[in-house]
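One structure is given below, encoded as structure tokens.
Atoms within each ligand, like the ligands themselves, are counted from 1 in listed order. When reading the values below, keep in mind they use all heavy atoms of this one structure, side chains included, and skip hydrogens, waters and symmetry mates. The structure displayed is predicted, hence computed values, not measured ones.
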Amino acid sequence: MDYVSIRVSTLRGEQKIDFNAYVKINDKMVLYLRRGDSFEGDRLKRLKDRKLRKMYILTEDEIRYRSYLQQNIETAYDNKSGQDMQSRAEVIQGAQQNNTEEVFENPDSVESYTSAKDGAAKYVDFLMNNTEALNAIMNVENVDKNVAHHGVTVATLSIALAKKLNLEDPKKAQLLTLGALLHDYGHHGTTLDVSQPLEKMSAPDLELWRQHPQQGALKVQDKKHFDQAVINIIAQHEEAIDGTGPKKMFEKDLDPLSILVSSSNAVDRLITFEGVPKSEAVKRLTINQVGRHPLQHIQLLGEILKGT
Ligand SMILES: [Fe+2]
Ligand SMILES: [Fe+2]
């Protein structure tokens, strides 16, 4: 029998799957999710706890899977579907994560990039037009410390921050979002355990970590379909306005969109990778990283997180 791989991040929400999904164990396909199952709330969490990235379906089920996917995403974005916000948010978070993983794995594909870019604009609309969306998205915990999921969280915080700063140009918001989704491309496919607190990294690990923005940017800068703003965000998202980032750039040299992503990224690094509670993260930044990020960003991120 022939199988094709699918991403676990696409199996979300209350819509039942109408195909069987398998995992590969010692080169054998084992039935893991049955036709008729659905994945929301606790079941989603249990699924993510397994840290599975890929599953398999029978090639003959591919069309059924594609239509499940499309239906699931369309319903989730539909403000009139009557579905509850948490279930919609789980599907939409998964779709954004899937778009990110797709570009990470296929950086040469214009189609993957374009669909992540179109998806970024939809995501901005979803967050801007649904007051409960931010909370619902932030409730989808990154239990497996996934870098693409972290990208979605950084995008979410960046959009919320842009909204508070009244930056409403839709084109810029789209590029900000796409850049935030892809910002940690430099971590894709490396052996570095990014979930270690930076102060606890060994010298070689810290060196790898310091290089990840540059490495990420290097891998995409010759690709014509990548927007310059997105490349800037990948290259500059660990920079700090006081010149204490890996490339020691200062505020005046940084793309303003990168500064927004850098602030959001600093917050979610603490929450997702260093285990700091959401309620503590901003306080921690205020105390330990004075002057590295615009004070206004940090205060606004504090307000944003207070509601979640
Ligand atoms: Fe990073
Ligand atoms: Fe990051």
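Ring-centre distance between His212 and His188: not below the 6.0 Å cut-off.
For Glu168, the side-chain contact (heavy atoms from CB on, under 4.5 Å) partners at least two apart in sequence or on another chain are Asn166. Every residue two or more places apart in sequence or in another chain that forms a side-chain contact (heavy atoms from CB on, under 4.5 Å) with Asp118 is listed here: Thr114.
Remark: the Gln236 side chain and the Ser258 side chain contain an N/O donor-acceptor pair separated by less than 3.5 Å.
Sorted by first and then second residue, the side chain to side chain donor-acceptor pair (under 3.5 Å) pairs with a member in residues 16-28 form an empty list; sequence neighbours excluded.
Around the Fe ion (ligand 2), protein N, O or S atoms at less than 2.8 Å comprise His150 NE2, His183 NE2, Asp184 OD2, Asn265 OD1.
Atom NZ of Lys283 is surrounded by 12 or fewer heavy atoms from other residues, nucleotides or ligands within 6.0 Å.
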